[in-house]
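Inspection log for the structure reproduced underneath, given as structure tokens.
What you see is a predicted model, and the numbers here were worked out from it, not measured in a lab. Note that these values count all heavy atoms, side chains included, but never hydrogens, waters or copies made by symmetry.
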Amino acid sequence: TGDVPESLRKPRSTFYKFFSPSFKLAVTASALEPRVTAESFLTVTLDKARLAVRGDFKFDVTRAGIFTVPLRLPAGFNVDDVQCDAMDHHETAADGEGQVLTVYLTKKVLGQLKLAVVVSQPSTMKSGDLELPLLEPLNVLREQGLVAAIAPDSLEVNSDPTKLESARPATPADLAARGFTPQPPT
């Protein structure tokens, strides 16, 4: 790049030097794909009458912007509320055993994006194991987050460490360090 004039040196530019007028050059160009990471803060509220999940998401979008945000929802849950400053509208569609909520944005978003979603269903809870219903951001490179399970005093919630996959118990200090104050869905 030392031979290239300064005015032509741009980010993501590539230069080639040739030594004969009969050279051949082939390049492959493709659309720049967005790189999206998500930080998820989920609150699952266990109640005798209702099972609800609130998801507060912080997305970081780099390289290229996005126009939609898809989330996988648990089967049988209804969307109660969706909040996002950049939202135009949202739709829910069946997908295999679950559903996909697609949030359509008013314009292409590059950078930070916050989204809050509340879903619920009437509770059919019985004593025994319950796999926590979670909201899952789709098309993200990496997701990390915290899950809080909140139950009334009449229910006892325990987890079996041997059944945790890619997760570990979090302490109140872990929650506070990440700025997570569980908010039960209303």
Side-chain angles (χ1 to χ4, degrees), residues 11-12 28-46 51-121 130-150 159 161-186:
R12 294 187 293 278
T28 302
S30 58
L32 193 61
E33 294 293 325
R35 182 174 292 149
V36 182
T37 59
E39 190 168 15
S40 305
F41 300 99
L42 304 174
T43 305
V44 179
T45 304
L46 310 163
L51 182 58
V53 182
R54 176 185 174 92
D56 291 293
F57 301 94
K58 294 178 185 176
F59 294 95
D60 186 28
V61 183
T62 58
R63 293 175 40 109
I66 59 172
F67 292 96
T68 62
V69 179
L71 296 168
R72 183 170 320 285
L73 307 179
F77 277 71
N78 298 313
V79 176
D80 297 336
D81 191 26
V82 179
Q83 295 178 8
C84 177
D85 288 342
M87 180 177 70
D88 180 40
H89 69 283
H90 62 83
E91 295 176 357
T92 305
D95 179 52
E97 294 180 21
Q99 321 173 64
V100 172
L101 168 69
T102 303
V103 177
Y104 294 89
L105 306 172
T106 57
K107 61 182 180 181
K108 180 167 66 171
V109 172
L110 184 64
Q112 300 290 314
L113 177 71
K114 291 183 179 183
L115 172 67
V117 177
V118 177
V119 299
S120 68
Q121 75 173 15
L130 169 69
E131 186 172 320
L132 290 180
L134 302 176
L135 308 178
E136 175 191 355
L138 301 175
N139 304 334
V140 296
L141 181 66
R142 185 182 75 244
E143 177 193 10
Q144 65 179 5
L146 296 165
V147 177
I150 299 175
S159 65
T162 63
K163 292 185 179 180
L164 293 177
E165 292 181 25
S166 300
R168 64 173 176 77
T171 65
D174 292 333
L175 300 180
R178 301 275 297 282
F180 180 38
T181 305
Q183 307 237 344
T186 55

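Contact check on Asp60 versus Lys58 returns no salt bridge, with no Lys/Arg side-chain nitrogen under 4.0 Å from an Asp/Glu carboxylate oxygen.
Note: Leu71 CG to Leu134 CG = 12.0 Å, rounded to the nearest 0.5 Å. The line from CD1 of Ile66 to NZ of Lys108 is 11.0 Å long, rounded to the nearest 0.5 Å.
Remark: the Glu143 side chain and the Ser40 side chain contain an N/O donor-acceptor pair separated by less than 3.5 Å. Asp88 and Thr106 share no side-chain donor-acceptor pair at under 3.5 Å.
Side-chain contact check for Thr68 versus Leu105: every heavy-atom pair is 4.5 Å or farther apart. Between Asp85 and Lys114, every side-chain heavy-atom pair lies at or beyond the 4.5 Å cut-off. No side-chain heavy atom of Phe41 sits under 4.5 Å from any side-chain heavy atom of Arg54. The shortest side-chain heavy-atom distance between Thr43 and Phe180 falls under the 4.5 Å cut-off. Side-chain contact between Pro133 and Leu51: present, with at least one pair of heavy atoms (C-beta onward) separated by less than 4.5 Å.
Below 30°, between 30° and 60°, or above 60°: for His89 and Tyr104 the angle between ring planes is below 30°, a parallel geometry.
With hydrogens and angles ignored, the 3.5 Å screen pairs a side-chain donor or acceptor of Gln99 with a backbone N or O of Pro74.
In this view, Asp174 and Arg168 satisfy the salt bridge (Lys or Arg N to Asp or Glu O under 4.0 Å) rule, not counting sequence neighbours.
The shortest heavy-atom contact between Leu73 and Val119 is CD2-CG1, 4.1 Å.
A 6.0 Å sphere centred on CZ of Arg63 holds more than 12 heavy atoms belonging to other residues, nucleotides or ligands.
Pairs of residues two or more places apart, or lying in two chains, that qualify as salt bridge (charged side-chain N to carboxylate O under 4.0 Å, His left out) and include a residue from residues 65-76 are Arg72-Asp95, Arg72-Glu136.
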